[in-house]
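Contents: one structure, followed by commentary.
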Amino acid sequence: MKYRIQKRAILLSAILGILPTASYSQTLSFSPAGALVFKGDFRYRHQYSKEENMEQRNRDRFRLRLNMTAAVQENVNIIAGLATGINNSPTTEIQDMTGGFSKKQVWLDLAYIDWTTPITGLKVQGGKIKNPFYTVARSQLIWDTDLNPEGLAILCSGTSKPMGFFINCAFFDVEERAAAKDSYLLGGQVGLKHTDSSGNVILGASFYDYLNSRGFPTFYDPAKSYGNSVDAGKLYLFDYRMAEVFGEISTTKPGFPLDIQADYVANMAPDVKAGLGYFAGISLGKTANPGSWALRIQYRKLEKDAVIGVFTDSEFAGSGTDNKGWVFGADFQAARNITAGLSYYKNQKGIANGLDFTRMDFDLSFNF
């Protein structure tokens, strides 16, 4: 369902805070000044989870997101979004159905300016933005898909068929401290995309450098390490300078779309001994029309200090780093804007001497 304040309003088809960011495919179309466009989605989930030596849990949960795009000028938009969530977690927008019918929290999820510059293919964003960095198959090896960082990003893309490229750069504010140095994230990413009648091939590399992490409190929650190595005072033992390489091959054969993905990350900071992570996945099918379906199989291993634990996948092995295991999934598009999904996690918390972790999610998702 869409509400258009002006008759001629045309929403930027380039994701703008609602669809997952894939900079190489952004389209440069504009809304006239004064236009407002609203979109959102709702997801109902039943979740079963069981961790070794703990009682199993059965939870009903939901997620609601509402996003607005407001056109300031033909090429300047303000994007704002509200979402449910647990406390003010940076990596989850889901809410438990519990608490004796208590009211549920809603948070500011997005608030940023999006400027499509006069230079073809160049975009600038600032504020609390959608993650500008491309991730293969939403792998979440480095970034949880619900994470919306804060700061400035520059996105550049271009195409000269059959080749295309994308370059994403960002400067993010992580922790501002009144009595100590602030923590920042500098990130850069480059990628190439080859497209022909048989499908696509994407290859890319990224580098992320957290300034002022070693010897500082853990981000977001100073009482939790999220798997990372910390000292007795809960301060990070290492810096985090992460190099990433990734690739994806997809076919467009009618009735048999196939996608193969790989992602590898290494923490290049000094003295790090457990700083590697990798992801591999394969998916078959695509939920594009009513009656369509998709299957996926994924495996990952993420050592303690490969990435910042609080920002990685909040669902795999219960969140954080120092884990490994499988994810199996199936999705079915029951009707226009309605999708059913099933995800099964068979993971191990703690790579060396881990505990078994099992989880199953059944989702019904509605887009409007």
Side-chain angles (χ1 to χ4, degrees), residues 1 17-18 20 38-68 80-111 128 130-131 138 140 143-150 175 217-228 234 308-321 323 325 327 329 331 334 337-347 349 355-368:
M1 173 173 137
I18 298 169
F38 294 85
K39 279 191 174 182
D41 65 85
F42 176 81
R43 184 181 70 194
Y44 185 101
R45 166 176 290 177
H46 178 75
Q47 178 180 311
Y48 158 87
S49 60
K50 177 66 172 70
E51 184 176 337
E52 188 177 342
N53 300 328
M54 298 181 66
E55 293 293 327
Q56 74 176 44
R57 300 185 69 181
N58 289 279
R59 289 186 279 178
D60 288 311
R61 318 181 81 184
F62 69 90
R63 181 187 70 188
L64 176 66
R65 298 185 293 193
L66 297 172
N67 295 314
M68 176 196 75
L82 300 176
T84 52
I86 300 175
N87 297 321
N88 60 345
S89 168
T91 57
T92 183
E93 297 168 334
I94 203 164
Q95 183 65 251
D96 291 340
M97 298 185 196
T98 185
F101 309 137
S102 58
K103 306 300 183 185
K104 306 306 179 186
Q105 295 171 316
V106 175
W107 302 92
L108 182 64
D109 193 42
L110 294 167
K128 187 168 184 62
K130 291 295 291 183
N131 194 335
R138 297 164 64 86
Q140 305 189 85
W143 311 110
D144 187 284
T145 53
D146 286 337
L147 179 73
N148 295 325
E150 298 163 16
E175 292 283 359
T218 53
F219 301 141
Y220 170 62
D221 186 349
K224 296 180 65 176
S225 69
Y226 292 91
N228 293 142
K234 297 290 186 181
I308 293 290
V310 67
F311 298 145
T312 189
D313 192 345
S314 62
E315 298 180 343
F316 188 89
S319 79
T321 61
N323 51 48
V327 180
D331 298 291
N337 296 328
I338 302 176
T339 305
L342 181 66
S343 300
Y344 177 72
Y345 296 77
K346 187 63 175 176
N347 310 147
K349 298 185 67 171
L355 301 175
D356 290 336
F357 178 90
T358 302
R359 171 171 167 162
M360 184 177 294
D361 297 337
F362 175 72
D363 296 326
L364 283 174
S365 300
F366 305 85
N367 298 314
F368 55 91

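Any value given below was found using the heavy atoms of this structure, including those in side chains, with hydrogens, waters and symmetry copies removed. Start at 1 with the first residue, then count along the sequence.
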Per side chain to side chain contact (heavy atoms under 4.5 Å, CB included), Ser49 is matched among Met360, Gln56, Arg57 by Arg57
Side-chain contact test, heavy atoms from C-beta onward, threshold under 4.5 Å: evaluate it for Glu93 versus Asn148 and give yes or no. yes
Of Arg61, Lys104, Arg63, the one forming a side chain to side chain contact (heavy atoms under 4.5 Å, CB included) with Thr84 is Arg63
Quick one: closest heavy-atom pair of Leu147 and Pro149, and the distance? O-CD, 3.6 Å
Check whether any side-chain heavy atom of Thr91 lies under 4.5 Å from a side-chain heavy atom of Val310, and answer yes or no. no
Taking the side chain as every heavy atom from C-beta outward, state whether Thr218 and Asn228 have any pair of such atoms under 4.5 Å apart. no
Of all heavy-atom pairs linking Glu52 and Leu355, the shortest is OE1-CA, 3.5 Å
In Å, rounded to the nearest 0.5 Å, how long is the span from CG of Asn87 to CD of Gln95? 8.5 Å
Would you tell me whether Ser314 and Asp144 have side-chain atoms, one donor and one acceptor, within less than 3.5 Å of each other? yes
Can you measure from CG (Asn323) to CG (Asn347) and round to the nearest 0.5 angstrom? 7.0 Å
Specify the closest pair of heavy atoms between Phe357 and Gly318, including all atoms of both residues, with the distance to one decimal. CZ-N, 3.6 Å
Beyond-backbone contact of Asp146 with Arg65, side-chain heavy atoms, under 4.5 angstrom: yes
Between NZ of Lys349 and CG of Asp356, what distance do you get to the nearest 0.5 Å? 11.5 Å
Which value, rounded to the nearest 0.5 Å, describes the distance between Thr145 atom OG1 and Asp313 atom CG? 7.0 Å
Intermediate values then yes/no, side chain to side chain contact (heavy atoms under 4.5 Å, CB included), Tyr344 and Thr358: CA-CA 8 Å; Tyr344 177 72; Thr358 302; 3.6 Å; yes
CD/Glu55 to NZ/Lys50 distance, rounded to the nearest 0.5 angstrom? 7.0 Å
Close side-chain approach of Asn58 to Gln47, heavy-atom, < 4.5 Å: no
Salt-bridge criterion met for Asp41 and Arg43 (N-O under 4.0 Å): no
Is there side-chain contact between Thr312 and Tyr226, with heavy atoms separated by less than 4.5 Å? no
I need the minimum non-hydrogen distance between Phe311 and Pro90, along with the two atoms involved. CE2-CG, 4.4 Å
Which residues pass the ring-ring contact (aromatic ring centres under 6.0 Å, His included) test with Tyr345, sequence neighbours left out? none
CZ/Phe62 to CG/Asp96 distance, rounded to the nearest 0.5 angstrom? 9.0 Å
